[in-house]
Amino acid sequence: MADENITLKDAPSDTAAPVARVTGGGYQRRDGARAGSAPGSGAAGSRGEPRKFFRRKKVCKFCVEKIDVINYKDTRLLQQFVAERGKIVPRRLTGVCTPHQKRLTNAIKQARNIALLPFAARF
Amino acid sequence: MQRTYEIMFIVRPDIAEEDVDKLISGFENSLSTAGGTLKSVDKMGKRRLAYLVRKFSEGQYVLLTVQATGKAIHELERRMRVSEPVIKFITVRTDQEQKRIAKVKALRATKVRRVPEQPAAVTEGAVQAENPATA
């Protein structure tokens with residue numbers, strides 16, 4: 001009975017290894033097709049190749065236009081960084097740099113407190 | 001130490017204009033007795049609120065720019081909290097922010113002065129190069 005257990009254990013391991021390789025290759029091909037234009041920031045492309053992070057460069061809107069003051073009063077500017085449901089959009093989506101994102105967040109929270117922006121919209 | 005503050009508050013929409021003015025002058029009085037000055041008043045008019053405040057969906061916004069001490073602001077806020085027409089207010093300190101902006105602008109001014117020198121040199125070089133070519 002012990003022998004049977006050992007053999008059983010051995011068998012799946014033998015079949016598992018080639019299966020993994022096949023599906024691994026398939027996944028890689030699928031990733032390549034999905035990424036399309038860029039190697040993208042997906043998982044390690046193929047084993048051995050260095051990762052390439054090729055996302056199109058996002059610039060901070062405030063740094064480019066040299067906007068110094070992010071006031072809680074200008075709702076039009078703030079609404080560009082607020083999602084549909086009223087949530088603040090993370091900076092990896094908008095490309096804002098960290099100090100500006102901090103000021104933006106504070107301004108949005110101040111605007112919410114004075115009813116210029118909603119806390120949660122679209123029930 | 002006089003600090004600059006921006007106070008924005010919302011007045012109920014069913015209050016008349018003169019009453020709003022009376023309210024503002026009342027605040028001004030309390031401010032001056034505590035030793036502050038009202039720099040500017042900006043009545044932003046009726047606006048739709050982003051959410052219901054005390055069952056109102058509209059309100060009259062007023063913005064005050066004030067230079068006062070912390071204690072005077074404390075007293076002013078207490079009055080606003082007690083007064084019936086005011087439904088919401090927010091006080092923001094602005095003097096630190098303005099100091100920072102002034103610093104940034106000054107820095108930018110020094111940077112800009114350096115740039116115009118270079119294009120002049122470049123154009124001179126280009127002109128000199130062209131002349132011997134044409135001659």
Side-chain angles (χ1 to χ4, degrees), chain A residues 53 55-123, chain B residues 4-13 40-66 76-77 80-81 85-112 115:
Chain A
F53 286 87
R55 198 157 282 172
R56 49 187 176 85
K57 306 217 166 149
K58 268 201 139 77
V59 278
C60 170
K61 180 190 158 102
F62 300 103
C63 292
V64 161
E65 296 175 19
K66 307 249 188 210
I67 301 172
D68 276 334
V69 198
I70 307 175
N71 223 333
Y72 63 94
K73 293 186 282 268
D74 42 10
T75 44
R76 258 180 293 131
L77 177 68
L78 296 179
Q79 258 166 5
Q80 295 173 30
F81 299 93
V82 167
E84 218 178 53
R85 297 202 65 176
K87 294 169 142 192
I88 303 177
V89 185
R91 60 175 269 261
R92 58 186 161 84
L93 296 183
T94 54
V96 182
C97 66
T98 311
H100 281 130
Q101 177 72 5
K102 271 197 154 181
R103 277 181 226 146
L104 183 67
T105 305
N106 282 329
I108 292 175
K109 289 179 179 174
Q110 280 171 357
R112 282 178 178 169
N113 269 310
I114 197 71
L116 290 168
L117 284 178
F119 281 101
R122 255 203 174 214
F123 48 114
Chain B
T4 324
Y5 295 90
E6 246 183 33
I7 306 174
M8 188 185 268
F9 59 92
I10 311 178
V11 182
R12 290 171 51 173
S40 73
V41 178
D42 182 17
K43 283 203 266 190
M44 297 160 60
K46 274 206 188 148
R47 274 192 69 155
R48 212 177 148 68
L49 301 179
Y51 48 87
L52 291 173
V53 181
R54 283 206 213 163
K55 316 237 173 66
F56 293 114
S57 51
E58 273 190 351
Q60 307 185 42
Y61 278 80
V62 182
L63 175 67
L64 306 175
T65 319
V66 169
L76 188 62
E77 282 199 345
M80 278 198 222
R81 217 168 281 136
V86 175
I87 51 178
K88 240 190 203 288
F89 65 89
I90 184 172
T91 313
V92 179
R93 190 171 161 187
T94 54
D95 48 342
Q96 306 277 27
E97 179 75 11
Q98 283 171 353
K99 239 206 272 181
R100 185 188 65 87
I101 296 168
K103 226 196 228 184
V104 167
K105 284 212 172 134
L107 220 106
R108 235 180 255 159
T110 56
K111 275 191 192 169
V112 171
V115 171

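Nothing here was measured: the structure is a model prediction, and the numbers come from that model. The chains referred to below are lettered A, B, ... by the order of the sequence lines, with proteins before strands, and numbering in each begins at 1.
Taking chain A as the reference chain and counting heavy-atom pairs below 4.5 Å, the highest number among B/Val53, B/Ile87, B/Val92 is found for B/Val92. Residue with the most contacts toward chain A among B/Arg47, B/Lys105, B/Gln98: B/Arg47 (heavy-atom pairs, distance under 4.5 Å). Contact tally against chain B (heavy-atom pairs below 4.5 Å) for A/Thr75, A/Leu116, A/Ile114: the top residue is A/Ile114.
Between A/Asn113 and B/Met8, every side-chain heavy-atom pair lies at or beyond the 4.5 Å cut-off. Between A/Phe81 and A/His100, the closest side-chain pair of non-hydrogen atoms is not below 4.5 Å. In this structure the side chain of B/Tyr51 never reaches within 4.5 angstrom of the side chain of A/Arg112, judged on heavy atoms. The side-chain heavy atoms of B/Leu49 and B/Ser57, taken from C-beta on, include no pair separated by under 4.5 Å.
For a residue to count as touching a neighbouring chain, one of its non-hydrogen atoms must lie under 4.5 Å from one of that chain's; by this rule A/Leu117 touches chain B with the backbone only. In this structure, the portion of B/Tyr61 lying under 4.5 Å from any heavy atom of chain A is its side chain and not its backbone.
A salt bridge does not link A/Lys73 with B/Asp42: every distance from a Lys NZ or Arg NE/NH1/NH2 to an Asp or Glu carboxylate oxygen is 4.0 Å or more.
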